[in-house]
Amino acid sequence: LHPEWVIQGDIQYKEKDHVSTMWLNMCFNNGYRDIVYGQMEEITKEFPIDGFFLDFSRAVGPCHCQECKKKYKAETGKTVPQSMDDSAYKAYCQWQRQDSDRFVIELSEHLQGIKPHISLCSNHCYGIQQPLEVPERYGYISEDVVEREQMRGCLESLVARYYCSLDVPAEIMTTRM
């Protein structure tokens, strides 16, 4: 429908198989942001809901779309590195993560302006894969743990132990039944 809304990885990044082909991850620095805001605002206003679970709302890889390039240049004065070997590549990846965090926090503030009790959870954010301080606006944190043969049962335990160390409600989803 809108291929320009999908995170645009550079060729070198894709060759290293870091970009998932299973799901299309969306960039929030384009028209998709307006769609998400509009839909979630409508749902918040029209329905008696308590919150939203957002899947893949964090930067899953650096985006190289024109909007991200413009925003990065405007905020940092720098151009987007074209290679993972560039010494500035790590800084760009950190900026992308912070930018996706800002998106979720701004969305949360917007929705809580409509319904103060609305809770937002962004899957994988602030969990074991992104162990940063959880912003006040987050209602809870969540992670879906995909079992890997070589770590059978260990990863779930590790995630649970990490979540118990935090002072925030959390959920862990597993693939075992």
Side-chain angles (χ1 to χ4, degrees), residues 5-9 13-14 16-30 32-33 35-37 39-41 43-44 47-65 68 84 89-112 115-177:
W5 291 356
V6 176
I7 287 178
Q8 305 295 312
Y13 194 74
K14 286 182 182 177
K16 294 193 180 264
D17 198 31
H18 290 277
V19 176
S20 171
T21 55
M22 190 170 187
W23 297 280
L24 292 177
N25 299 303
M26 308 308 274
C27 175
F28 295 106
N29 289 325
N30 54 44
Y32 184 68
R33 173 186 227 112
I35 297 292
V36 170
Y37 262 68
Q39 288 176 345
M40 292 176 78
E41 181 178 305
I43 292 167
T44 301
F47 299 96
I49 63 161
D50 294 316
F52 291 95
F53 174 87
L54 305 173
D55 205 1
F56 285 105
S57 59
R58 64 177 168 79
V60 294
C63 183
H64 289 75
C65 75
C68 284
M84 290 175 72
Y89 203 78
K90 182 178 179 182
Y92 180 64
C93 291
Q94 289 172 332
W95 175 85
Q96 282 263 271
R97 188 196 67 240
Q98 291 166 347
D99 189 55
S100 63
D101 289 347
R102 276 193 308 257
F103 165 74
V104 175
I105 291 167
E106 289 168 8
L107 178 60
S108 191
E109 289 172 350
H110 177 70
L111 297 176
Q112 288 170 353
K115 275 187 189 165
H117 74 277
I118 285 287
S119 181
L120 233 66
C121 172
S122 188
N123 195 22
H124 291 287
C125 287
Y126 309 103
I128 201 163
Q129 295 182 45
Q130 189 183 19
L132 303 169
E133 187 175 336
V134 182
E136 278 185 43
R137 297 267 180 196
Y138 271 65
Y140 67 103
I141 57 177
S142 176
E143 188 150 346
D144 51 340
V145 181
V146 178
E147 187 173 298
R148 290 162 178 84
E149 190 62 36
Q150 67 272 25
M151 295 186 73
R152 187 172 300 278
C154 296
L155 191 56
E156 294 88 345
S157 178
L158 182 63
V159 170
R161 289 169 193 269
Y162 176 74
Y163 277 3
C164 284
S165 74
L166 304 175
D167 189 27
V168 65
E171 79 173 349
I172 300 168
M173 298 175 281
T174 67
T175 56
R176 276 197 255 166
M177 304 252 179

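Fair warning: this is a prediction, and the values are worked out from it, not measured in the lab.
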Worksheet item: After noting the C-alpha distance and the side-chain angles of I43 and F52, does the key distance pass the side-chain contact (heavy atoms from CB on, under 4.5 Å) rule?
Response: CA-CA 10 Å; I43 292 167; F52 291 95; 3.8 Å; yes
Item to complete: Report the relative orientation of the aromatic rings in F28 and F103; use parallel for angles under 30°, tilted for 30 to 60°, perpendicular for over 60°.
Response: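 Ring orientation of F28 relative to F103: parallel.
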Worksheet item: Should the pair H64 and Y89 be assigned to parallel (<30°), tilted (30 to 60°) or perpendicular (>60°) ring geometry?
Response: parallel
Worksheet item: With side chains defined as the heavy atoms from C-beta onward, is the minimum distance between L54 and L107 less than 4.5 Å?
Response: yes
Worksheet entry | Min side-chain heavy-atom separation E171-F53 under 4.5 Å |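 Side-chain contact under 4.5 Å: yes.
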If I compare all heavy atoms of [X] with all of [Y], which pair ends up nearest, and what's the gap?
X    : Y    : answer
Q112 : I118 : NE2-O, 2.9 Å
I7   : C27  : CG1-N, 3.8 Å
Y163 : A170 : CD2-CB, 3.3 Å

Worksheet item: Any chance NZ of K115 has more than 12 other-residue heavy atoms, nucleotides or ligands included, within less than 6.0 Å?
Response: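 Check passes, neighbour count above 12.
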Just how far is it from atom [atom1] of [X] to atom [atom2] of [Y], taken to the nearest 0.5 Å?
X    : Y    : atom1 : atom2 : answer
R102 : R97  : CZ    : CZ    : 11.0 Å
L120 : L111 : CG    : CG    : 6.0 Å
I172 : S142 : CD1   : OG    : 8.5 Å
I105 : H110 : CD1   : NE2   : 15.5 Å

Discussion item. Test of understanding: with side chain to side chain contact (heavy atoms under 4.5 Å, CB included), list the residues that count as partners of V6, not counting sequence neighbours.
Written reply: Q8, L24, M26
Item to complete: Evaluate the criterion side-chain hydrogen bond (donor to acceptor under 3.5 Å, both in side chains) for residue pair S165 and R161; output intermediate values, then yes/no.
Response: CA-CA 7 Å; S165 74; R161 289 169 193 269; over 6 Å; no
Worksheet, complete the sentence: Across all chains, not counting sequence neighbours, the side chain to side chain donor-acceptor pair (under 3.5 Å) partners of N29 are R33, K71, D99
Fill in: Pairing residues for Y92 by the side chain to side chain donor-acceptor pair (under 3.5 Å) criterion, not counting sequence neighbours
none
Discussion item. I'd like to know if the side chain of T44 and the backbone of M40 have a donor-acceptor N/O pair within less than 3.5 Å.
Written reply: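 Such a contact is found between T44 side chain and M40 backbone.
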